[in-house]
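Structure first, commentary second.
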2 protein chains.
Amino acid sequence: MDPEPVRFEPVTTVRAYERVVEQIEQAVLSGRLSPGERLPSERELMAQFGVSRSTVREALRVLQAGEVIRSRAGDPRGPEVLPASTAVLQKSMHRLARAEELGLAQLLQFRMLLEGSAYLLAARLRTEEQLAQMDAALAEMRAQLGRGDSEFSRADVAFHDAVARATQNPLLVVCGEVVRGVVLELIEDKLAHAADRRALMRKSVAHHIEVLRAVRDGEGERACRLARHALYDYYAEYVPEAERAMLHPLLGS
Amino acid sequence: MDPEPVRFEPVTTVRAYERVVEQIEQAVLSGRLSPGERLPSERELMAQFGVSRSTVREALRVLQAGEVIRSRAGDPRGPEVLPASTAVLQKSMHRLARAEELGLAQLLQFRMLLEGSAYLLAARLRTEEQLAQMDAALAEMRAQLGRGDSEFSRADVAFHDAVARATQNPLLVVCGEVVRGVVLELIEDKLAHAADRRALMRKSVAHHIEVLRAVRDGEGERACRLARHALYDYYAEYVPEAERAMLHPLLGS
DNA sequence: CCTAGGCCACTGGTCCGACCAGCATACTAG
DNA sequence: CTAGTATGCTGGTCGGACCAGTGGCCTAGG
C-alpha cells in the first residue's frame, strides 16, 4: 500500500447566499418541505440564517430561477414551495440546442430519432383515452386546414404531444417539445415562403391519418418508419446536401 | 365572421430584475455576447439599466444559477460569459428524478432509446479514427478489469462517449451523458452491493466487444439491438416489475 | 345574527449608502 | 531589472429605508 500522505483539499470560498440556497434546497429535496408548503418570510429567514436580507433575497432568487419556489409580493404566507416541473429542463436544453452550433441536420436527426421511437412506444403503451386525444387533435388539424397556419400548427403540436404523453415518459415529452420548437425556429422563415403551404398541410394530414392508424393497430415499427420518412420528406430539402447522409441511417434498411 | 370584440390581456407585473435578465440573456443567446467575453461591472450595469445595484445583482444571480455567467470577487474585468454547459440540464433532470416524476424506468427507457439509436448511426457514420478511439477505450476497460470499478467505469464512459461522438450529433452526446449520469446516481448504491461485480464487468466487456464488432461491420441494426438488450439485462432487475413493460417495445419484435 | 366594507400589519420589490476582501495593474524601492 | 507594494477597481455583504401589494381582521351596516 502507498503510504497515503496527508491530503489537503483546495479551499473554496462558499458565498453566504450559497449556503442558504443549499439548506433550503436540501430541505425540499429531502422532502422535509413539500410542494405547496410555505417558507418563512424573508425577514424571518434573515433572522434564522443570520444573514442580511439582501443575502436571503439572492438565495431566494436562485431558487426561484430553478423553479424550486415562487414568491408573490405581499403574500403574508411567504414563498411557496413548487412541485417539480420540466420548465428548467426545457429552458436549459433550449439554450444548449442554440449554443452548440447545431445545424438543422443534427436537430432533424435527433427529432427523427425521438419521434420515431415515441411512436414505437406509443403504439404499444397508449391507452384508449390517449388515442382519443390524438383523434381529437387530428380532427382539429383537418378543421383548420383552410385557416391560418398558426392554428394548424397548434393542432399539429397537440397531436405530437399526445403521442409523446402516451409513452409515459416526461423526458420524451420535453425533448420532443424542445427539438420541435428549435427546428421550427430555424426554418420558419423558409417555410413561410414555401410555394404551396396548403398542399403541405394536406400532405401532413394524410400522413398523420396513416401514422395514427398504425398506432391504433399497435404496429409500432411501421409508425416509426412512417414518421421518420415523413419528417425526411418534409424537411430534407432545407438540409445542406452534404449533411443529408447523416439522416439516412434512420430511414431503415 | 365574428365581430371580434376588444380583447384585454391579463396584466402581468414584470419585475425589474427580470427585464435585466432578459436583456442579458438575449444578448448571449443571440450571439452578441460570446463565451469568454466580459459583462460590464455591476456598478456600470446599474447605470446602463437605470436600476439599483441590488436589482442588478439579483439579475446576475439568476444568470449565474443558469450557468450563463460567472462572477469572481475582485476581478476588474467583470462577470464572464460562460460557454453552454450541461450542468443545469443534469441538475434539473436529477431533481425531476428525485421528485419521482421520473423513475428508473423512464430514465432507462430513454437511455435504451438513445444509445440504441446512437449505435445505429455510429455504425454508418463512424470514421476510422473514431473506431480507433472505441478500440482504445475498450482496451482500457479490459486493462482495468482487475482494478477498482471507478477506473473501469471511466473507461466505460469513454467508450460510450466515443460512440456518441461518432454520430456527429452533440445533442446525442449531451443527452446520453446526462442520462447515463443520472441512471448511475440512482442505482449506484444498489449496484455496489451486487453479488459479484467482477462477473458483471466481464460480461460488460464481452458485450462491448460484440457491439463494437457490429459497429465496425456497419451492422447498425444489430448493434442497436445488442445495446438495448444489454441495458435491459443489466438494469431491468432494479426496475419495478409493473413498469418493466414499458421497456419491452424497445427490445424489438 | 351575518355580511360588505375598509383598515392595517406584513409581505416582497426596489433603492440607497456603506464597508470589506480580493484581484490585476501600475508604480516604486531595492 | 526585479520584487514588492500601493492603488483603484471588482464583487460580497450589510443595514436601513420606502413603496405597492396582499390577506385577514375588525367594524359598521344590514
Side-chain angles (χ1 to χ4, degrees), chain A residues 8-25 27-28 33 35-82, chain B residues 8-25 27-28 33 35-83 87:
Chain A
F8 295 105
E9 293 203 346
V11 179
T12 58
T13 308
V14 181
R15 275 84 144 195
Y17 84 93
E18 284 182 333
R19 304 274 213 97
V20 176
V21 168
E22 205 175 302
Q23 284 199 46
I24 299 181
E25 203 164 38
V28 173
L33 243 46
E37 285 192 68
R38 301 303 184 122
L39 253 46
S41 77
E42 296 180 357
R43 287 164 176 92
E44 174 67 25
L45 287 173
M46 132 185 158
Q48 286 190 28
F49 285 110
V51 296
S52 77
R53 184 144 95 100
S54 325
T55 302
V56 168
R57 284 181 61 65
E58 291 188 15
L60 293 184
R61 278 278 107 84
V62 171
L63 294 169
Q64 217 167 322
E67 298 271 321
V68 180
I69 63 167
R70 174 180 51 180
S71 295
R72 272 187 337 142
D75 190 333
R77 294 167 299 182
E80 181 186 1
V81 177
L82 293 177
Chain B
F8 295 105
E9 294 202 347
V11 179
T12 58
T13 309
V14 181
R15 276 84 140 197
Y17 85 92
E18 282 183 333
R19 282 196 270 137
V20 174
V21 168
E22 205 175 302
Q23 284 198 46
I24 299 180
E25 203 165 38
V28 173
L33 242 45
E37 284 192 69
R38 301 304 183 123
L39 253 46
S41 76
E42 295 180 358
R43 288 163 177 90
E44 174 66 25
L45 287 173
M46 133 185 157
Q48 286 190 28
F49 285 109
V51 295
S52 78
R53 186 154 164 242
S54 326
T55 302
V56 169
R57 283 180 62 67
E58 292 188 14
L60 293 184
R61 279 278 106 84
V62 171
L63 293 169
Q64 214 167 325
E67 298 271 319
V68 180
I69 63 168
R70 172 180 54 180
S71 295
R72 273 190 330 149
D75 191 334
R77 293 168 299 183
E80 180 186 359
V81 178
L82 294 177

Expressed in angstrom and rounded to an integer, what is the separation of [X] atom [atom1] from [N] atom [atom2]?
X	N	atom1	atom2	value
A/Glu42	D/dC14	CD	P	14 Å
B/Glu58	D/dT13	CD	P	13 Å
B/Arg15	D/dC19	CZ	C1'	15 Å
B/Leu60	D/dT13	CG	C1'	15 Å
B/Leu45	D/dG12	CG	P	13 Å
B/Arg53	D/dG11	CZ	P	7 Å
B/Arg77	D/dT10	CZ	P	13 Å

Item to check | Of A/Glu37, A/Arg72, A/Arg38, the residue whose pairing with A/Glu80 passes side-chain contact (heavy atoms from CB on, under 4.5 Å) | outcome: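 With A/Glu80 as partner, A/Glu37, A/Arg72, A/Arg38 yield a single side-chain contact (heavy atoms from CB on, under 4.5 Å), made by A/Arg38.
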Next on the checklist: If we check side-chain contact (heavy atoms from CB on, under 4.5 Å) with B/Arg70, which of these qualifies: B/Asp75, B/Leu63, B/Leu82?
Outcome noted: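 When B/Asp75, B/Leu63, B/Leu82 are each tested with B/Arg70, the side-chain contact (heavy atoms from CB on, under 4.5 Å) holds only for B/Leu82.
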Which is true for [X] with a 4.0 Å heavy-atom rule: it touches a base, it touches only sugar-phosphate, or it touches nothing?
X	result
A/Ser41	sugar-phosphate
B/Ser54	base
A/Arg57	base

Next on the checklist: Go nucleotide by nucleotide along DNA chain D from the 5' end; which of A/Ala73 and A/Val14 gets its closest nucleotide reached first?
Outcome noted: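 Of the two residues, A/Val14 wins.
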Item to check | Along DNA chain D (nearest heavy atom to each residue), the more 5'-positioned of A/Gly74 and A/Ser52 | outcome: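 Going by which nucleotide is closer to the 5' end, it is A/Ser52.
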Checklist entry - Closer than 4.0 Å, any side-chain N/O of B/Arg72 to the OP1 or OP2 of D/dG11? => result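 Answer no for this pair, as no side-chain N or O of B/Arg72 is under 4.0 Å from OP1 or OP2.
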Next on the checklist: If you assign A/Thr13 and A/Pro76 each to the DNA chain C nucleotide with the nearest heavy atom, which residue ends up on the more 5' nucleotide?
Outcome noted: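 Residue closer to the 5' terminus by nearest nucleotide: A/Pro76.
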Atom [atom1] of [X] and atom [atom2] of [Y]: how far apart are they, to the nearest 0.5 Å?
X	Y	atom1	atom2	value
A/Ser54	A/Arg61	OG	CZ	12.0 Å
B/Glu58	B/Glu18	CD	CD	10.5 Å
B/Gln48	B/Gln23	CD	CD	9.5 Å

Next on the checklist: On the side chain of B/Arg43, is there an atom forming a donor-acceptor pair with the base of D/dG11 - under 3.5 Å, no angle test?
Outcome noted: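 Present.
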Next on the checklist: Let's test your reading of the model: under 3.5 Å, does the base of D/dG12 pair with the side chain of B/Arg61 as donor and acceptor?
Outcome noted: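 Donor-acceptor pair under 3.5 Å: no.
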Next on the checklist: Using side-chain heavy atoms (C-beta onward) and a distance below 4.5 Å, is B/Met46 in contact with B/Glu42?
Outcome noted: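 No - every pair of side-chain heavy atoms lies 4.5 Å or more apart.
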Checklist entry - Between B/Ile24 and B/Leu60, is any pair of side-chain heavy atoms under 4.5 Å apart? => result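 The answer is yes, as the side chains (C-beta and beyond) meet within the 4.5 Å cut-off.
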Next on the checklist: Using a 4.0 Å cut-off to any heavy atom of chain B, which nucleotides of DNA chain C are the first and last in contact, reading 5' to 3'?
Outcome noted: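 First-to-last contact on DNA chain C, by the 4.0 Å heavy-atom rule, is C/dG13 to C/dA24.
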